[in-house]
Chemist: 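Structure provided below as structure tokens; questions to follow.
Below, each value reflects all heavy atoms present in this structure, side chains not excepted, and no hydrogens, waters or symmetry copies. Within every chain, numbering begins at 1; the chains are lettered A, B, ... in the order of the sequence lines, protein sequences first and strands thereafter.
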Number of protein chains: 2
Amino acid sequence: MNSFTEENYLKAIYKLSLNGSQGVSTNAIADLLNTKPSSVTDMIKKLADKKLVSYQKYQGVDLTKKGKDIAISIIRNHRLWEVFLVEKLNFKWDEVHELAEELEHINTHKLTERLDEFLDFPKYDPHGDPIPDKDGKVAYHKDIALSDLKNEEKGVIVGVKEHSKSYLNYLEQLQLVLGTEVKVIDIVAFDSTMKILVNGKAVVISHQASKNLIVKSL
Amino acid sequence: MNSFTEENYLKAIYKLSLNGSQGVSTNAIADLLNTKPSSVTDMIKKLADKKLVSYQKYQGVDLTKKGKDIAISIIRNHRLWEVFLVEKLNFKWDEVHELAEELEHINTHKLTERLDEFLDFPKYDPHGDPIPDKDGKVAYHKDIALSDLKNEEKGVIVGVKEHSKSYLNYLEQLQLVLGTEVKVIDIVAFDSTMKILVNGKAVVISHQASKNLIVKSL
DNA sequence: TTTATTTTTTAGACTAATCTAAATTTATTT
DNA sequence: AAATAAATTTAGATTAGTCTAAAAAATAAA
Ligand SMILES: [Mn+2]
Ligand SMILES: [Mn+2]
Ligand SMILES: [Mn+2]
Ligand SMILES: [Mn+2]
């Protein structure tokens with residue numbers, strides 16, 4: 001079996017591979033996991049020995065089929081637990097990520113499947129992220145950020161790209177939760193600050209905030 | 001915070017301290033945790049540094065208040081998760097121990113309390129073990145084993161002392177589950193093998209099996 | 001196309017948890 | 001009380017994961 005640490009690396013590599021299509025860079029992994037590039041190199045070697053990644057020095061890493069399967073199953077777990085915590089234990093969406101980071105590693109096929117069934121096979125987690133199905137298929141959103149909308153355009157919020165407590169908490173205060181309709185009513189050319197209409201109220205948010213909100217255009 | 005390993009040691013020491021009232025011996029801990037006495041000595045020193053146990057060389061260990069509190073909270077967690085797995089996810093009582101061994105270490109006050117509430121504040125786990133309340137109070141059974149009953153005496157099964165899959169599975173086959181009434185109809189003097197009446201059927205079980213069943217005498 | 005900068009890897013060291021083998025202390029027998 | 005056995009501790013190694021500092025390779029700039 002794989003250690004928690006190995007699993008966290010696989011998950012990080014998987015997530016980073018969704019953006020750039022090239023091999024994932026050592027520094028990017030180090031950044032995401034708050035560790036040092038030298039530690040990443042060490043771990044990559046180990047994962048390569050286990051055939052979970054393919055790797056040539058200085059060229060970055062890619063997950064093998066096996067590595068990708070593991071990464072996706074951990075993400076499946078993570079998101080199912082997040083649904084459980086919010087739906088069944090009444091946690092708020094900004095409280096569940098850290099707990100799910102631990103629960104995701106209790107990785108027994110049977111537990112995952114039972115949990116999925118108990119939750120009635122949810123498709124999305126509390127942050128709008130798609131839950132991989134039991135065969136590992138993931139239904140990604142088409143990635144339109146709120147910041148991609150033009151003036152006067154409307155959208156409905158379907159997800160967030162950033163899971164930090166401070167961000168989610170901030171969104172909630174602005175009533176920018178999943179399912180909310182928004183309309184762009186002004187964009188500052190200088191720094192892309194947006195004024196939007198939320199439940200009838202005008203709200204001003206930074207580009208940093210708007211680019212992490214995923215919307216479905218209306 | 002404490003590592004999973006440290007928590008497992010604390011739990012082991014707690015459990016062993018329930019029998020003998022003296023300091024818990026190094027070898028007993030090593031046995032229970034399937035590790036070597038020398039490893040135990042090392043860990044004990046670390047726990048002593050953290051003031052979680054009191055310890056003098058060659059004299060065994062005792063938990064401090066702090067150490068005991070941690071041990072009990074882990075056990076509380078363990079048993080709540082077992083209830084969850086059986087009641088909500090439809091696992092059988094012989095399938096949950098290993099999973100709970102992992103879940104118990106995800107030790108957040110809030111998670112435990114929410115889980116307790118979700119489960120409607122259960123008093124006992126699927127094996128009849130008492131669940132410590134949120135202040136750490138534990139309502140232990142008076143420890144009458146089935147093997148303590150005399151011929152012709154009756155009892156109802158309220159718990160098991162041994163949690164192995166093979167034992168629990170065996171009990172289930174014999175219909176010796178929690179709540180079942182039994183009556184002793186014969187005891188072999190030589191080796192204490194018992195013949196008992198279970199749901200109208202006569203069943204023969206070894207002393208090894210009968211001494212691990214906790215009963216309430218009727 | 002050299003020079004400078006950035007990225008990545010190596011070398012060597014550290015901590016947590018474990019082990020084997022040897023030494024020491026305690027307990028049990030004679 | 002001495003000898004033997006059992007329990008416990010120490011000494012020294014090992015593995016996983018991490019780090020800092022230095023070397024090497026790849027990129028970017030001049
Ligand atoms: Mn999350
Ligand atoms: Mn999520
Ligand atoms: Mn258990
Ligand atoms: Mn139990």
Chemist: Is it true that A:S206 and A:Q208 share a donor-acceptor pair across their side chains at a distance under 3.5 Å?
Modeler: no

Chemist: Return the value, rounded to whole Å, for the distance between atom CG of A:L47 and atom C1' of D:dT18.
Modeler: 15 Å

Chemist: Just by distance, no angles: are the side chains of B:S25 and B:N27 close enough, under 3.5 Å, to form a donor-acceptor pair?
Modeler: no

Chemist: Look at atom NZ of B:K88 and say whether more than 12 heavy atoms of other residues, nucleotides or ligands are closer to it than 6.0 Å.
Modeler: yes

Chemist: Classify the ring geometry between B:F84 and B:F118 as parallel (under 30°), tilted (30 to 60°) or perpendicular (over 60°).
Modeler: tilted

Chemist: Give the rounded distance in Å between these two atoms: CG of B:D42 and P of D:dA11.
Modeler: 11 Å

Chemist: Before accepting this row, confirm whether a basic side-chain N of the pair A:D116/A:R76 lies closer than 4.0 Å to the acidic partner's carboxylate O.
Modeler: yes

Chemist: Scan nucleotides 20-22 of chain D against the protein and return all N/O pairs shorter than 3.5 Å with their distances rounded to 0.1 Å.
Modeler:
residue, atom, partner, partner atom, Å
D:dT20, O4, A:S38, OG, 3.1

Chemist: Do the side chains of B:K45 and B:D49 get close enough for a salt bridge, i.e. N-O under 4.0 angstrom?
Modeler: no

Chemist: Given atom CG of A:N34 and atom C1' of D:dC19, what is their separation to the nearest angstrom?
Modeler: 14 Å

Chemist: What is the distance, rounded to the nearest whole Å, between atom CE of A:M43 and atom P of D:dT15?
Modeler: 16 Å

Chemist: Within a 6.0 Å radius of atom NZ on B:K50, are there more than 12 heavy atoms belonging to other residues, nucleotides or ligands?
Modeler: yes

Chemist: Going by heavy atoms closer than 4.0 Å, what residues in residues 49-60 of chain A are next to DNA chain C?
Modeler: A:Y55, A:K57, A:Y58

Chemist: For C:dT8, does OP1 or OP2 lie under 4.0 Å from any side-chain N or O of A:N27?
Modeler: yes

Chemist: So, B:D62 and B:S54: side-chain donor and acceptor under 3.5 Å apart, yes or no?
Modeler: no

Chemist: With a 3.5 angstrom cut-off on both distances, give the Watson-Crick or G-U wobble partner of D:dC19, or none if there isn't one.
Modeler: C:dG12

Chemist: Without swapping roles, check the side chain of B:H127 against the backbone of B:W93 for a donor-acceptor pair under 3.5 Å.
Modeler: yes

Chemist: Both distances under 3.5 Å, Watson-Crick or G-U wobble: report the partner of D:dA5, or none.
Modeler: C:dT26

Chemist: For the residue pair B:H78 / B:D125, report whether a side-chain donor-acceptor contact shorter than 3.5 Å exists.
Modeler: no

Chemist: Using a cut-off of less than 4.0 Å, is there contact between a side-chain N or O of A:T26 and OP1 or OP2 of C:dT9?
Modeler: yes

Chemist: Could you tell me the separation between the CD1 atom of B:I44 and the P atom of C:dA16, rounded to a whole number of Å?
Modeler: 17 Å

Chemist: To the nearest Å, give me how far apart NZ (A:K45) and C1' (C:dA11) are.
Modeler: 10 Å

Chemist: With a 4.0 Å cut-off, would you call B:E104 and B:R79 a salt bridge?
Modeler: no

Chemist: Can you sort out which residues in residues 2-11 of chain A have a heavy atom within less than 4.0 Å of DNA chain C? Ascending by number, please.
Modeler: none

